[in-house]
Amino acid sequence: MQLRYNYRAYPDASQRRALARAFGCARVVWNDCLRDRREAHAAGLPYVTAAELSRRRITQAKRTGERAWLAEVSAVVLQQSLRDLDAAYRNFFDSLKGKRPGRKVGPPRYKSKKDARQSVRLNANAFSLPGDGRVYVAKVGHLKVKWSRRLPAAPTSLTVTKDSAGRYFLSFVVETEPDILPALGTEAGIDLGLSVFAVLSDGSRIASPRFLRRAEKKLKRLQRELSRKAKGSKNRAKARIRVARQHARAADRRRDWHHKASTRIIRENQAVYVEDLAVSGLARTRLAKSVHDAGWSAFVGMLEYKTAQHGRTFTRVGRAFPSSQLCSVCGVRDGPKPLHVREWMCGACGTVHERDHNAARNVLVEGRRIVAAGRAETPNACGAPVRRAPVPAQRRETGSPRKGHTTQAGNPGL
């Protein structure tokens with residue numbers, strides 16, 4: 001399986017200028033090739049192939065006075081920019097034809113030097129690891145890197161990125177074997193929330209750290225200072241960097257916390273079942289800032305790839321499943337309840353439920369049923385009876401992904 005390892009880089013002044021040239025040249029090749037394809041499409045001409053674009057916008061462009069500076073950077077950077085454009089078009093066409101699962105993908109867009117993120121991609125021919133703790137990048141030099149951990153194998157590609165805070169990162173793609181953890185007999189259903197980040201089916205709770213809320217006081221002061229600076233001035237550019245660094249600090253803390261929490265859950269449970277939340281819809285409500293601060297999508301994504309890496313089972317329970325309306329004891333559907341109702345009593349068996357814990361237990365039972373039935377997602381439960389008999393997951397059964405269904409990560413047989 002492929003894993004990505006990210007490290008902080010500290011280029012000197014000349015290396016920063018070389019990287020800026022590489023970012024700019026890659027952006028120009030992307031925009032020129034995209035413009036040619038859009039113009040050909042508008043004129044009703046055939047689709048311009050990658051070979052023709054490479055000859056016209058890279059090879060021949062270097063010989064002109066207008067684009068002669070393209071020769072100052074590695075040719076791998078320019079060719080990889082064209083390959084990335086082809087991949088963007090391929091994803092767009094597959095999304096239109098229904099071959100690509102998930103949300104619809106839009107067509108490629110033009111890049112700008114004012115974008116918050118600048119990056120170039122290199123293959124193994126344009127970088128190397130000399131062994132002295134630095135990374136050599138073609139026509140840039142030996143970059144100083146802060147190695148937080150060792151690479152498990154030789155990397156196959158490298159992406160050099162500059163974020164909005166002016167920080168540089170090196171991202172290596174490495175082919176590794178799955179690290180299978182010892183099998184366990186415990187499973188967990190997870191209910192995500194805002195007041196409490198997550199409630200597990202065993203009753204344990206994970207408090208929400210709210211990193212953005214804790215950084216708001218300093219962010220308000222920095223944003224006031226930014227608003228007072230004249231547009232286009234150097235002081236405004238410095239103030240913008242300070243605001244971006246504060247946002248990046250909060251994002252880094254949230255990402256680190258997500259990694260630690262997800263790793264702990266994976267190590268303690270053989271199977272993990274999570275409710276599939278409509279994050280994009282919730283992000284358009286009055287709870288938008290809290291939803292973005294929680295980072296549910298990033299957390300669930302970490303759970304999914306870590307289960308595949310460590311031989312665990314991961315299943316998403318469909319958002320149509322009424323986890324908050326069902327009694328986890330008798331299975332009676334008691335109807336919808338507003339968010340301020342945190343405890344309720346079942347009208348059939350009289351059991352008093354804590355809302356989030358009850359939902360986590362329902363997610364656990366439904367996740368087991370999905371794995372046992374070999375399905376990849378929960379069917380639409382609106383108005384349909386829901387079978388509540390707890391069915392244990394069959395450890396020898398592996399679910400095969402089908403078109404239109406969410407794939408199940410991990411191997412239930414392990």
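When reading the values below, keep in mind they use all heavy atoms of this one structure, side chains included, and skip hydrogens, waters and symmetry mates. The first residue in the sequence is number 1, and the count goes up from there.
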remark   = For R35, the salt bridge (charged side-chain N to carboxylate O under 4.0 Å, His left out) test, sequence neighbours excluded, returns D32
ask   = Would you say the side-chain atoms of R149 and Y5 include a donor-acceptor pair closer than 3.5 Å?
value = no
inquiry  = If only side-chain N and O atoms count, and only distance matters, is there a donor-acceptor pair under 3.5 Å linking S328 with N358?
reply    = yes
With a 4.0 Å cut-off on N to O distance, would you call [X] and [Y] a salt bridge?
X: D276; Y: R319; answer: yes
X: R167; Y: D252; answer: yes
X: D115; Y: R117; answer: no
X: R368; Y: E187; answer: yes

task = Would you verify whether the NZ or CZ of R38 falls within 45 degrees of the ring axis of Y110 while also being under 6.0 Å from that six-membered ring's centre?
result =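 The answer is yes; both the distance and angle limits are met.
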Can you list, pair by pair, the side-chain donor-acceptor contacts under 3.5 Å of residues 216-223, counting residues two or more places apart and other chains?
{"from": "E216", "atom 1": "OE2", "to": "K289", "atom 2": "NZ", "distance (Å)": "2.9"}
{"from": "R221", "atom 1": "NH1", "to": "E225", "atom 2": "OE2", "distance (Å)": "3.3"}

Decide if atom [atom1] of [X] counts as having more than 12 heavy atoms of other residues, nucleotides or ligands within a radius under 6.0 Å.
X: K337; atom1: NZ; value: yes
X: K306; atom1: NZ; value: yes
X: K139; atom1: NZ; value: yes
X: R67; atom1: CZ; value: yes

Taking the side chain as every heavy atom from C-beta outward, state whether [X] and [Y] have any atom pair closer than 4.5 Å.
X: V105; Y: R100; answer: yes
X: F211; Y: W257; answer: yes
X: V29; Y: L70; answer: yes
X: V317; Y: I370; answer: yes
X: F169; Y: V160; answer: no
X: N362; Y: Y273; answer: no
X: Q79; Y: S54; answer: yes
X: D334; Y: L326; answer: no

ask   = Taking all non-hydrogen atoms of both residues, which atom of T313 and which atom of T307 are closest, and how far apart?
value =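 Reported closest heavy-atom pair: O-CG2, 4.1 Å.
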request  = Output, in order, the C-alpha distance, side-chain angles, deciding distance and verdict of side-chain contact (heavy atoms from CB on, under 4.5 Å) for K144 and V135.
outcome  = CA-CA 7 Å; K144 181 182 177 181; V135 176; over 6 Å; no
key: Pair I190-E275, side-chain contact (heavy atoms from CB on, under 4.5 Å): steps then yes or no   = CA-CA 7 Å; I190 303 177; E275 186 175 9; over 6 Å; no
query = Do side-chain atoms of W147 reach the backbone of Y7 as a donor and acceptor pair under 3.5 angstrom?
reply = no
request  = Run the numbers on S324 and R355 for side-chain contact (heavy atoms from CB on, under 4.5 Å), then give the verdict.
outcome  = CA-CA 6 Å; S324 298; R355 182 191 184 104; 4.1 Å; yes
task = Could you check K238 against K229 for side-chain contact (heavy atoms from CB on, under 4.5 Å), going step by step and ending with a plain yes or no?
result = CA-CA 10 Å; K238 294 177 183 178; K229 301 297 187 291; over 6 Å; no
key: Sole candidate of H41, R37, E52 that passes side chain to side chain donor-acceptor pair (under 3.5 Å) when paired with Y47   =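 That would be R37.
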query = Are R361 and S201 close enough, and set up right, to give a side chain to side chain donor-acceptor pair (under 3.5 Å), and what steps lead you there?
reply = CA-CA 5 Å; R361 294 178 62 182; S201 54; over 6 Å; no
query = Can we call the ring centroids of F197 and H258 under 6.0 Å apart?
reply = yes
